[in-house]
Amino acid sequence: MGTNYGWVCLSALILLALLLVPGLWWNARVGAPRRLPSAFVPLPGLLALAATGLLLWVLHPANHLLVALLYGGATVALALDLARLWWRRGTARASLGDQGPGVFVLWGAMIAMAMAVGLNPLPIAQETHAETVIPARMVASPPDHIIPYITAAYMFHGKDGIERSKDYFGEWSVASRGPLIPLATNTLLYVFGSTTQDTPNLERKPWPGTADGAYLARLLGWIANGMVVLGAGHLLLVLGIRPASRPWMLGCLWVALAPSMLINTVFLWPKVLAGFFILLSFASLIQQRWILAAGCGVLAWLSHPVGLLFLPPLGLVAIWTAFAAAKSTREGGIAAVRAVLVFTVSAAVLMVPWLAYKTWLGAHDLFMDYLLGDGRGTAPALSVWAWLGTRWDNFWLTLSPAAYYYSGHMRVWTDGPVSDALRWTVQYAKTLPGGLGLFLFAPAYIAMARPGADPRLRQLLTVTVTTFALMLLVWGYSRDGLGRNSLEPLVPLVIVLCAAQAKAGPVWLIGLAGIYLEGRWVEFTGFVLEKSFSWQNVPLDAWVCWSISSLVGLALLGLGWTVLARDCDLARRLGPAPA
C-alpha cells in the first residue's frame, strides 16, 4: 500500500489558504471599524466554497479543469494582493483580527492533533469503515462520519435529490443533514481534480490521499470543526476578557484539549462546527447585532440539524437583551420589539431556501420520529411513562460522572463485545463530564450552578439549560445519553461559561494536565485495544502520528503554564511573575 502523506499535508495548507485568504485580504484592505473579528476571518472562504459548490451542483459542468483554474486563479490573485498589502502597509497582524495570532496557533494545534489521529494507518477498535480511505476514528462508532463525503459525491455527480437517493442515503436523503460542509467539499472535488465514482469506491489505496477525494472531505472536516476554538476565544473577548489573559487562555486551551473536542473534531460530523456558529451567534446577540446573530444561528443549523435546537433559546436571549437595553421607555420598548422581529425574520428568511428544497424532495424527516421514541429505535413510545423514563435515563447518564460506565450500554457493538477499558473510552464521547474532562467537570458544574451577577453569563446559562432540555425532548429517545447524539455543541458553551468566571490558581494547571492525559487515553486505547493490534507490527508512520498528537498537546500545556501559572506559588518560587 503506497503512502502520500506529503501530498495530503500540502493539500491541508492549500485548503487553509482557500479558507483564510479572502478574510485576510478583506481585513488588510479596509480600516479598523470594518475589519472582521478573528473568528470570522475563515468565514468568507468557507461560504465562498459552499456557494461555489451549490452553483456547481446545479450546473454540473463537464470541464473540471476550467473550474479549478477559475477558482484557484481567483484565490491566487487575492493572495498576491494580500502579500502586497502586508508588505506595503504592514497590516499582517491587523488582518488577523481582534484576537491576534495566538488563537490561530491554537486552531492550528487542534488541526495538527486531529490530522495525527485521522491519518494514523492503524485501525481503531470497532470503527465503522475501518481499513477504508475514510475510517471513522471513533471507538465503536456509528457510520455518520461518511455522510458529508457521500453527500458531496452525490452533488458532484449533479443528482437532484431524488435520483438514486436510496443508493446513497438509504432511508435518509441528501437534505437530512446540513448542506454547508458537503457543498464546500463539492467545490474541493472540482478544484483538486478528483475522480469520485458514482457511487464512491472507498478502497484504501494509496493512503491517505486518493484520487476519489475522500481525503479532502476529511481535511475540511478537521479544519472546520477545529474552528470552535476561534469561536470560544471570540465569545470570551465579547464578554470583556482580553486575549492572552488567564481566563481567555484557560477557555481556549480547555476547548483545544477537551476529550470530546478531540473525538468530535476527528469524527467528521459537523456538530462541533455547529457549536462554533452558536458561539458566534450568542456573541452577536450580546453586541445587539441581530441580523448577524440570526445568520450565525442559521449557519449552525446548515452545518448540522442539531443547530436548530439552539435557535429558540437564542431567540429568548434576543428578547432578553433587547428589552434590557430598552429600559422602560415607550420608544425603548418599540426598539426592543423591532430588534426581536429583525432576529426572527432574518432567521426565517435565511432558512426558507433549504426548507423549501426539503419540502420539494418530499422525503420523510426521520428526526421528527425522535420526538416520540422511547429507546426502541425510532418506534413510537409504548406509553407516556416509557417516554418519560427514557428521557430520565438520558438526563442521568448524560450528567453523571462514570454512571454510563456502570450502565448496561455499549457492552456489545457491531463487531462483538466491547471491553471495559473501551467502554470507559466511549464514555468520553457519551457524557458531559467525560466531554468536559473528568478533571475539570466539577468547576464547570459549579459555574453553571453559580453564574454570578453578570447578566450575559446568565443568558449563556439560559441557552445551555434550555437547549439541554430540548435535546432531552428530541434526541432523548435513545436511552444511552445525549453524547454522540446532540451534546457536542453544548460542551464549548459550558467551557466558556466556566472560564469566564475563573480565577488564577494551580487547580487549572492540574485540570488541564489531567484532561491532556484523558485525551491521550481516548486516542491510545482506541488503537492499542483494537483486537488485531500488535506492538511488533506498529509501522513508523503510526509512531510519528502518535508523537505529533502527544507533543502538540504537551506544547499547549506549556503555553498554559506560562499564562496560568503566573499567580501560583510554584511559579513565584521559580521566578518573578511577568508584568
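Below, all heavy atoms of this structure are taken into account, side chains as well, without hydrogens, waters or symmetry copies.
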Centroid-to-centroid, Tyr154 to Trp172, below 6.0 Å? no
Less than 4.5 Å apart, any side-chain heavy atom of Trp25 and any of Leu20? no
Assess whether side chain to side chain donor-acceptor pair (under 3.5 Å) is satisfied between Ser549 and Glu523, documenting all intermediate values. CA-CA 9 Å; Ser549 61; Glu523 178 184 353; 2.9 Å; yes
Does the Trp222 side chain pair with the main chain of Val266, one donor and one acceptor, at a distance under 3.5 Å? yes
Does His60 have its ring centroid less than 6.0 Å away from the ring centroid of His157? no
Taking the side chain from Thr132 and the backbone from Ile134, do they hold a donor-acceptor pair closer than 3.5 Å? yes
So, taking the atom named CG in Leu220 and the one named CD1 in Ile181, what distance separates them when rounded to the nearest 0.5 Å? 4.5 Å
Under 3.5 Å, is there a donor-acceptor pair between the side chain of Glu127 and the main chain of Ile124? yes
Is there a donor-acceptor contact under 3.5 Å from the side chain of Arg137 to the main chain of Asn120? yes
Count the heavy atoms belonging to other residues, nucleotides or ligands that lie under 6.0 Å from CD1 of Ile291, then report whether that count exceeds 12. no
Taking the side chain as every heavy atom from C-beta outward, state whether Tyr5 and Val8 have any pair of such atoms under 4.5 Å apart. no
Would you name the heavy atoms of Asn225 and Leu273 that are closest together and state the gap between them? OD1-N, 3.2 Å
Do Tyr190 and Phe156 make the cut of ring centroids closer than 6.0 angstrom? yes
Ignoring hydrogens and angles, state whether a donor on the side chain of Thr128 or Ser141 is under 3.5 Å from an acceptor on the partner side chain. yes
Between Ser478 and Asn485, does any side-chain donor sit less than 3.5 Å from a side-chain acceptor? yes
Phe343 versus Leu285: any side-chain heavy-atom pair under 4.5 Å? yes
With side chains defined as the heavy atoms from C-beta onward, is the minimum distance between Phe169 and Arg177 less than 4.5 Å? no
Side-chain H-bond candidate by donor/acceptor type, Trp86 with Ser95, under 3.5 Å: yes
Heavy-atom side-chain proximity of Met471 to Phe310 below 4.5 angstrom: yes
Could you tell me whether the side chain of Trp290 and the main chain of Leu341 form a donor-acceptor pair under 3.5 Å? no
Flag side-chain contact, heavy atom, 4.5 Å: Val139 against Gln126: no
When you measure from the side chain of Ser176 to the backbone of Ser173, do you find a donor-acceptor pair of N or O atoms at a distance under 3.5 Å? yes
Quick check on the 6.0 Å ring-centre criterion: do Trp301 and Phe277 meet it? no
Please lay out, stage by stage, how Asn201 and Thr196 fare under the test side chain to side chain contact (heavy atoms under 4.5 Å, CB included). CA-CA 8 Å; Asn201 175 17; Thr196 305; over 6 Å; no
Which is it for Trp57 and Tyr357 under the ring pair (Phe, Tyr, Trp, His ring centres under 6.0 Å) test, yes or no, and what are the steps along the way? CA-CA 14 Å; Trp57 182 19; Tyr357 177 67; 5.7 Å; yes
Closest approach of Asp212 and Leu189, non-hydrogen atoms and distance? O-CD2, 4.0 Å
dist Leu18:CG -> Leu46:CG (nearest 0.5 Å) comes out at 11.0 Å
CZ (Arg218) and OG1 (Thr185) are apart, to the nearest 0.5 Å, by 13.0 Å
Would Arg484 count as a cation-pi partner of Trp413, with NZ or CZ less than 6.0 Å from the six-membered ring centre and within 45° of the ring normal? yes
Under 6.0 Å from the ring centre and within 45 degrees of the ring axis: does the NZ or CZ of Arg35 meet both conditions for the six-membered ring of Trp26? no
For the residue pair Leu361 and Val174, establish whether any side-chain heavy-atom pair is separated by less than 4.5 Å. yes
Taking the six-membered ring of Trp207 (Phe, Tyr or Trp), confirm whether the NZ or CZ of Arg204 is under 6.0 Å from its centre and within 45° of its axis. yes
May I have the step-by-step check of side chain to side chain contact (heavy atoms under 4.5 Å, CB included) for Met113 and Ile548, ending in yes or no? CA-CA 7 Å; Met113 289 189 289; Ile548 291 173; over 6 Å; no
Check step by step if side chain to side chain contact (heavy atoms under 4.5 Å, CB included) holds for Leu43 and Phe276. CA-CA 11 Å; Leu43 286 190; Phe276 162 74; 3.8 Å; yes
Kindly say whether the aromatic ring centers of Trp475 and Tyr477 come within a distance under 6.0 Å. no
Flag the pair Leu308 / Leu311 as yes when at least one side-chain heavy-atom distance between them is below 4.5 Å, and no otherwise. yes
Do Lys159 and Asp198 sit within salt-bridge range, that is, some charged N less than 4.0 Å from a carboxylate O? yes
Check: Lys271 side chain, Pro489 main-chain N or O, donor-acceptor pair, under 3.5 Å: no
Of the non-hydrogen atoms in Val67 and Pro61, which two are nearest, and what is the gap between them? CG2-CG, 3.9 Å
Least distance between heavy atoms, Met227 atom then Pro42 atom: CE-CB, 4.1 Å
Nearest 0.5 angstrom please: Leu70 CG to Thr75 OG1, how far? 11.0 Å
Ring-plane angle category for Phe533 and Trp546, please: parallel below 30°, perpendicular beyond 60°, tilted otherwise. tilted
d(Ile111 CD1, Leu106 CG) to nearest 0.5 Å is 11.0 Å
Nearest non-hydrogen partners of Gly100 and Ser38, listed with the distance: N-OG, 3.7 Å
Between Gln99 and Pro243 (side chain of the first, backbone of the second, donor and acceptor by atom type, cut-off under 3.5 Å), is there such a pair? no
Checking Asp144 side chain against Trp269 main chain: does a donor-acceptor pair fall under 3.5 Å? no
Checking Ser194 against Leu216 for the side chain to side chain contact (heavy atoms under 4.5 Å, CB included) test, could you report, in this order, the C-alpha distance in whole Å, the side-chain angles of both residues, the deciding distance, and whether it holds? CA-CA 9 Å; Ser194 300; Leu216 297 170; 3.5 Å; yes
Please report the interatomic distance CZ(Arg34) to CG(Asn27), rounded to the nearest 0.5 Å. 11.0 Å
Is the backbone of Ala77 close enough, under 3.5 Å, to the side chain of Asp81 for a donor and an acceptor to pair up by distance? no
Minimum heavy-atom distance between Asn264 and Val272, given as atom pair plus value: CB-CG2, 3.4 Å
